[in-house]
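Working notes for the structure below.
In what follows, chains carry the letters A, B, and so on, assigned in the order in which the sequence lines appear, proteins first and then strands, with residues in each chain numbered from 1.
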Amino acid sequence: MLAQPDEMTSQLISKDQALRTQALEKLVREKKIEHFPLISAINQKRLYLYDQQLVTIGEPIAADRSDEYQVLKVYPDTKILRNNQGGVMAKKRAELTEVRFSRPARLILLPVLPYVNLVSPKLETRKLAFVQFQQNGNPEDLKILSDARDLENDNYMSRLATETILSIQLKSSKITEKVHSLVDQLVSNQGDNTAYILEQYLEQIPKSHPSYSYILTQKEDLEDRASRIALIQNAFSGVSLGSILIMIALGLSIIYGLAGVINMAHGEFMMIGAYTTFCVQEIFNSISPNSSGNLSFFLSLPLAFVVAGAFGLLIERLVLRKLYNRPLESLLATWGISLILIQLARSIFGDLTSVSTPFVLSGGWEVIPQLVLPYNRLFIIVMTIVLVALVYFFLYKSNNGLRIRAVTQNRDMSACLGISTAKIDAMTFFIGSGIAGMAGCCITLIGNVVPDMGQTYVVDSFLVVVSGGVGNLFGSVIAGLGIGQLTKALEPIFHAVYGKVIILIVIMIFLQFKPKGLFPAKGRISED
Amino acid sequence: MQIKAVFKNYEYLLFLGVFLILLPIGYALDLVSVNTVSLWGRYFCFAIAAISVDILWGYTGVLCMCQAFFFCLGGYGIAMHMLLADKGTGVYGAVIPDFMVWNQVDTLPLFWEPFYSFPLALLTTLLVPLIFAMLFGYFIFRSRLKGVYFAIITQALALAMWLLFLRNETLLGGTNGLTDFKTLLGFDLTTSTTKLSLYLLSCMVLVLVYWGTKKLVNSKFGKVLVAIRDSESRVRYATYRVQNYKLAVFVLAAVIAAIGGMLYVPQTGIITPGRMEVKSSIEMIVWVALGGRGNLKGAVLGTLFVNFLYSIFTSLLPGSWLYVLGILFVVTVLYLDHGLIGLPAQIKSIISNKRTSKL
């Protein structure tokens, strides 16, 4: 048995044009927030009749079923319709009866259209709508705005809504005490645009206004706070860039220290790690298209280590083993290898691929309002700390680490004492390249995967190794953080390119005083 | 006696015979196209740059990864002169080069002024790399940066300069570089005669540079350079001022590379920052390594060989060139210690070793 349609519904779907117009006019007159989804559906020509209820269609039900949509009931209340099993109902457009309105009929809705976006299901649309009201809202909008604010349960959005309401109240209020309290409320609300709103208000009122100086100090405080936050954000991105450099420099530095080999193909191990991540994601997507990407990303971390490590091992066995302690020759040979690897990646994968950020790492940690630290960058920093700690414990606390350090100091003597140097070399290459692979896996979180991605980082990492002292773990960490910080600190002042030139000059001056880097290798064997 | 000396140097006669006599005659008889002639002219410019790499790396043991940058400094200098000399002939008919019109620059920047007259442009183009190399080299060699450290710093320099030249604010054409040259000293660059003359000029400059550097490396100065390569500390203990020798050869190499670039640009008709990328510098090193490091003949041979291969592979098997180049790098480093030029001797010694081991 069909449910009886209510009055509004029956008017809207009736054949009588006058009745429909009347219904629309009623909607406009009442201007009720509950009706906005309905008005929005009419305006977007997405109003349908299903089971005697007015509905609209929402998002497609799934990426591979793009012609089937969720069904949203829009009147008298808003909810997603469910099927008999309790799941989300999926309908094709053809299964619903469209309720059409002529263009003149839709034009009746014009006065309320600015409001309907305030309750849009999309966050970005709502955000834009509120910001528009901050610009040109009137006191008569306050009722709807505060209703819209009550519907928000997102922290950020309710701050924005409050800010909007307060800014409209501020613009229209004349009493000094009221202005004071409104400004205080605005400031304590900590919205994004508060400083701008205050600035605009200051332009409206005369300088003789009793609260002018008060608002001015409040505004300046806010601007100070904003610049402090920008500073922290910048320092944070410096640390995150530094961590990437450290991750790459770590393997580079160990390998150079041990074997005297400059590995120009190190950046390409990073690229291999990134493509491993990409492949794992593609495999997971082909098995279950709706996966969030969490599992595939965290599985690809160790996998990237193994694959890149295996490549490193292979290259050590085939080529580099003949070039120990001939750094310049090894530099040329590994450059050749890097050319081959880049071209290989290009012919297999094409020029541009990207890895989607896993669900748990999207978004950011809002430390205080306006200061948001993205989870993916936090993850990279944490990952670097873990890796550095692991490498430290491996090198300085384990037996194999002891052997690596022994071979680094004196290869012949270590061999005499029964250390299998070939085995140690192989192990070191595996670990060094593997770490680069993990770095590549992490970099997929913040950038595209391209065949020559390694080249962008490898020169910088070389500078890290050189200024940290070749073969020194802590030198690399400090130099990496320093160069990362410096890069990001110079970026807002100069363009990134000039920043790079300045960094080079700074490093050159630094090497005037410390030609062997921060922590040079001790001993007399280093000279020829 | 005289005849014996001539026969001893048959490679020189072969080189001069092929490139100064046979190729022009072939062109005159229409057997060789003017583009082929021009192509070899460009290879000679690369060979000049390769000689500069060889006196640095092969003789002094200083692996410099920014020679392509000095090469480009020379190229940009002559390109700036050609653009200014052709003033008013651009698409917009403006006094300033076309790219400045696109970038809304209306007056010629001050540093472009010296490039109006040819002698002054020539002087500036040689002085800029000289001064740059002197300043950079002074600080680097003073702090006794050598080996890997030097290679990495020069590589970073090449990267930074490349990024700088890519920008439009440096007023050197940005990514597109400088192009659309019409005349050089009044000669139309599109005519075959000019192309042939430029080819002959490049060939002669190459011979001159080769002869000069040969004299240099055989002089006492050259012996010190080789000594520095083989053991820097011992040379220093013998009270030689190592950094001064290194600086001198570094500056000389920069200027030679710039000369190569100056001859190169009129023949290609374009210079872009892509020429000064890190990888171009490293490619120059591989020419030398493949030809035979520490041997000027090897540097020229390696350059001509690799570039010849390049033109063959890019036309026959596009996309395969990077594989070939990569394999060339690896094989050269692993198996060809003395390059192609040392290959006969290497084979001979392998054979004789086998013979001795049999006995």
What part of [X] is in contact with chain B, defined as an atom under 4.5 angstrom from a non-hydrogen atom: side chain, backbone, both or neither?
| X | answer |
| --- | --- |
| Ile507(A) | side chain |
| Ser347(A) | side chain |
| Leu331(A) | side chain |

Looking at [X], I want to see if its [atom1] is surrounded by more than 12 non-hydrogen atoms of other residues, nucleotides or ligands under 6.0 Å.
| X | atom1 | answer |
| --- | --- | --- |
| Lys488(A) | NZ | yes |
| Phe150(B) | CZ | yes |
| Arg241(B) | CZ | no |
| Phe308(B) | CZ | no |
| Tyr498(A) | OH | yes |
| Tyr323(B) | OH | yes |

Below 4.5 Å from any heavy atom of chain A, which atoms of [X] appear? Answer side chain, backbone, both or neither.
| X | answer |
| --- | --- |
| Trp57(B) | side chain |
| Ile285(B) | side chain |
| Ile327(B) | both |
| Leu166(B) | neither |
| Ala156(B) | both |

Non-hydrogen side-chain atoms of [X] and [Y] separated by less than 4.5 Å:
| X | Y | value |
| --- | --- | --- |
| Ile509(A) | Phe139(B) | no |
| Gln455(A) | Val278(B) | no |
| Lys279(B) | Trp335(A) | yes |
| Tyr335(B) | Lys322(A) | yes |
| Val501(A) | Leu164(B) | yes |
| Leu323(A) | Leu334(B) | yes |

Nearest heavy-atom neighbours spanning [X] and [Y]:
| X | Y | value |
| --- | --- | --- |
| Leu504(A) | Ala160(B) | CD2-CB, 4.2 Å |
| Ala289(B) | Leu332(A) | CB-CD1, 4.5 Å |
| Glu329(A) | Val333(B) | O-CG1, 3.4 Å |
| Phe329(B) | Gly336(A) | CB-CA, 3.5 Å |

Problem - Approximate separation, where rounding is to 0.5 Å, of Gln343(A) CD and Leu325(B) CG - result: 10.5 Å
Handout entry: Reported CG-to-OG distance for the pair Leu322(B) and Ser338(A), which is rounded to 0.5 angstrom
Key = 9.5 Å
Problem - Selection from Thr332(B), Val286(B), Ile140(B) maximising heavy-atom pairs under 4.5 Å formed with chain A - result: Ile140(B)
Exercise for the section: Among the options Leu63(B), Val330(B), Leu163(B), Ile282(B), pick out the one with the most heavy-atom pairs lying under 4.5 Å from chain A. Expected result: Ile282(B)
Completion exercise
Comparing Leu344(A), Ile337(A), Leu463(A), Ile342(A) against chain B, the one with the most heavy-atom pairs below 4.5 Å turns out to be Leu344(A)
